[in-house]
2 protein chains.
Amino acid sequence: MSVEDKQKPQRNDRVTIRTVATHAGVSVAAVSKVMRNAYGVSEALRAKVTDAIDVLGYRPSRAARGLRGQSFTIGVLLIDIRNPFLPEVIAGVNGVLAPSHYQAMIGVSDAQVQLETSLIESMIDYKMDGLILVAPRLPSEILAKFAVEIPIVAVGYHAAGATAFDTVNADDQRGAEIAVEALLARGYRDIEMLSLGEREGHAVSVVRQREIGFRRAMQRGGLGSSAPIGKIPIASPKREEAMRKFLSRKDRPRAVFCWSDLDAITLLSLAVEMGVRVPEDLAVIGYDNSSTAALGLVNLASIDQSGRELGQVATRALISRIEGRSAAEHILQIPSLVSRNSLAGSEATKQG
Amino acid sequence: MSVEDKQKPQRNDRVTIRTVATHAGVSVAAVSKVMRNAYGVSEALRAKVTDAIDVLGYRPSRAARGLRGQSFTIGVLLIDIRNPFLPEVIAGVNGVLAPSHYQAMIGVSDAQVQLETSLIESMIDYKMDGLILVAPRLPSEILAKFAVEIPIVAVGYHAAGATAFDTVNADDQRGAEIAVEALLARGYRDIEMLSLGEREGHAVSVVRQREIGFRRAMQRGGLGSSAPIGKIPIASPKREEAMRKFLSRKDRPRAVFCWSDLDAITLLSLAVEMGVRVPEDLAVIGYDNSSTAALGLVNLASIDQSGRELGQVATRALISRIEGRSAAEHILQIPSLVSRNSLAGSEATKQG
DNA sequence: CGTTATATGGAGAACGTTCTACAAATCATT
DNA sequence: AATGATTTGTAGAACGTTCTCCATATAACG
């Protein structure tokens, strides 16, 4: 009895638009108009309604909103939450969204195409207003298909030809070039890139772009014939194995460009462990300028692509798309080198 | 003209439950029953419906579902996306959720109470089925208020007295004790804790618990009278400043227990920079056993509280609550020490 | 004053589900 | 064969919004 009495009011006390309307002595439509500040409401009406809203603490139901109009939510899909680059992107997104009435909801796909698909579908089914996909793994045609249902901006996804959705990237080719140029400028000639295995990075991924840039810069430097690219698996036991093998190679190069700080930092760690001195025996450049790279202990030179800025730009692009733009935009930021100890000095000149 | 022709089909081609019903030649209610596998559907009906669903590629609208019943989504609120402890929790949550029909949507509050509130409200307004709040900053009474609207499990939030929501924690008092005991066992006596400033950690936060554990263990070790706790601000210029000041103190202790790896790692970096040897001059223990701590370069001893496991346990608790449990549960995991170089040997005996 | 334009408020149909209540059909039981 | 019990399927009202018409009230104008 008393239990029921306690349950009932809980259930019923949701303040809906109707409650507000009754309390303010106006129609539901009027309240809705005020909420969306649509045309045709007098100051008097607006005051009555906002008062009622304040008194009652009314919040519109996102679910109901989504069913009919906008939900004022944008979905963000992350391929992986462990990569320290991603949080930066989120920070950028949240920064731009904060002053607006939009909110971000994040899904994590863990690099599984299956999960990625179902998360995107869910976000569509929630009637979110737009999607920011960070380094998605799905092929461009599939994204294009989704893009007819919902505005999409892809970050870290090189599909400059896409007409159905926007892309925002740092120029990964250029980033790799900058890395190689820095090494060349310091006298290194014997340079190798450590990249991701074929299976883990598709054609439009940032990794492949960095490989292209690496090759081009090597070519320009007159080292076109020998621009070796090693592939490091992503999963844990094999990954360290491959790095150890690299470090103990007789013909190990004098300098290495890693596709990501994630790999570069582990490489640095293993190097210490194996007695390979950095930068004396081996110069290392990473990618992403993660916070770990900046640590005094690590001191890893790295290509900075400002994830935060990418997040900001992507968000602004998405909002403009939500607001009606239909021509695709493909934005490219220029990355820069952050030089640190792992690349120090010009001591590489002693090599042949 | 042709533009309109192209728009129309896009809008209209959403496959709804009605489309399925028509295609299968049954009623809408029947399809709904099949979807929820409710009682009272024959094999024949079920087959017809599932066939139609497959053919049409039907996906129920989450928005509509939320409006009426369950949305099969659980919301996860993260205080901060940069702390490497959080991704582990997410991994645990996703791991448990993957085989179920639930999905996680993540919100990031960036430690702002304002944003935290509005994210929780949004998740409620989306009619999510339950919430996992990781290290929320809101006071317990407010969470209790939210908990009448939606099942809540708080992680990293010590409110063992709460009756309206569950909590899942590692035993932070015990963790701090373990750290101190490890230091004592290695002969250190001159021990200090570096903690968070009052403003950044409320009474029920993990930080305060670790302070309690620290004091208790020191007391037990006969060092009760001198169990100093330094406070490090969280924001960046002041933070490093405080650490530098600590490192250059004349009466700097021989060992330090940091409330988080985040601080411990920065401290390690600054120590190298300032010529303070670790562990010879200063032993360091961190908290969280983050992946960075495990790097050969860093080699930081740390208390492991398995964020992944916390995420798993919290998710299971939440699901059981969604399914009807009403008595509050407060779960405590036991953390453990991961010993590494920053704590090496037993060389501390030379001190007075 | 009558007429037309404009500003303001409201009725009510969607949106895509769930779920209660009920009708119809089938099966058991006497 | 009649009655009751059970199984199977459906109608239709909710859920809380948005948004397109309409209806009225007021202002503008000749």
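All heavy atoms count here, side chains included; hydrogens, waters and symmetry mates do not. First the proteins, then the strands, lettered A, B, ... as listed; each starts at 1. From a predicted model like this one, the values you see are computed outputs, not experimental measurements.
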| query | With sugar-phosphate meaning primed atoms plus P, OP1 and OP2, does A/Arg59 contact a base, only sugar-phosphate, or nothing at under 4.0 Å between heavy atoms? | reply | sugar-phosphate
| query | What does A/Ala29 touch in the nucleic acid at a heavy-atom separation under 4.0 angstrom: a base, only the sugar-phosphate, or nothing? | reply |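 It contacts base atoms.
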| request: May I ask you to list the residues of residues 31-44 of chain A, by number, that have any heavy atom positioned under 4.0 Å from an atom of DNA chain D? | output: A/Ser32, A/Arg36
Could you check if a side-chain atom of [X] sits within less than 4.5 angstrom of a side-chain atom of [Y], using non-hydrogen atoms only?
X	Y	result
B/Leu131	B/Ile120	yes
A/Glu116	A/Leu77	yes
B/Glu329	B/Val153	no
B/Asn169	B/Val155	no
A/Tyr58	A/Met35	yes
B/Leu78	B/Ile90	yes

| request: For DNA chain C, find the residues of residues 122-129 of chain B with a heavy-atom distance under 4.0 Å and give them by number; none if there aren't any. | output: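 Contacts with DNA chain C under 4.0 Å: none.
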| Ring centroid separation A/His330 to A/Phe165 under 6.0 Å |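 When the ring centroids of A/His330 and A/Phe165 are compared, they turn out to be at least 6.0 Å apart.
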| message | Below 4.0 Å from chain A heavy atoms, what is the first contacting nucleotide of DNA chain D and what is the last? | response | D/dG16 to D/dC19
| Looking only at atom types and distance, does a side-chain atom of A/Arg62 sit under 3.5 Å from a main-chain N or O of A/Phe72, one as donor and one as acceptor? |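 Such a contact is found between A/Arg62 side chain and A/Phe72 backbone.
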| With no hydrogens and no angle check, is any side-chain donor or acceptor of B/Arg308 less than 3.5 Å from a backbone partner on B/Val93? |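 Such a contact is absent between B/Arg308 side chain and B/Val93 backbone.
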| Spacing of A/Ile17 atom CD1 relative to C/dG12 atom P, expressed in whole Å |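 Rounding to the nearest Å, CD1 of A/Ile17 and P of C/dG12 are 16 Å apart.
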| Whole angstrom value for the distance that separates C1' of C/dC19 from CD of B/Gln70 | 13 Å
| said: Restricting to non-hydrogen atoms, name the atom on A/Val26 and the atom on A/Lys48 that form the minimum distance, rounded to 0.1 Å. | reply: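 Taking A/Val26 first and A/Lys48 second, the nearest heavy atoms are CG1-NZ, 3.9 Å.
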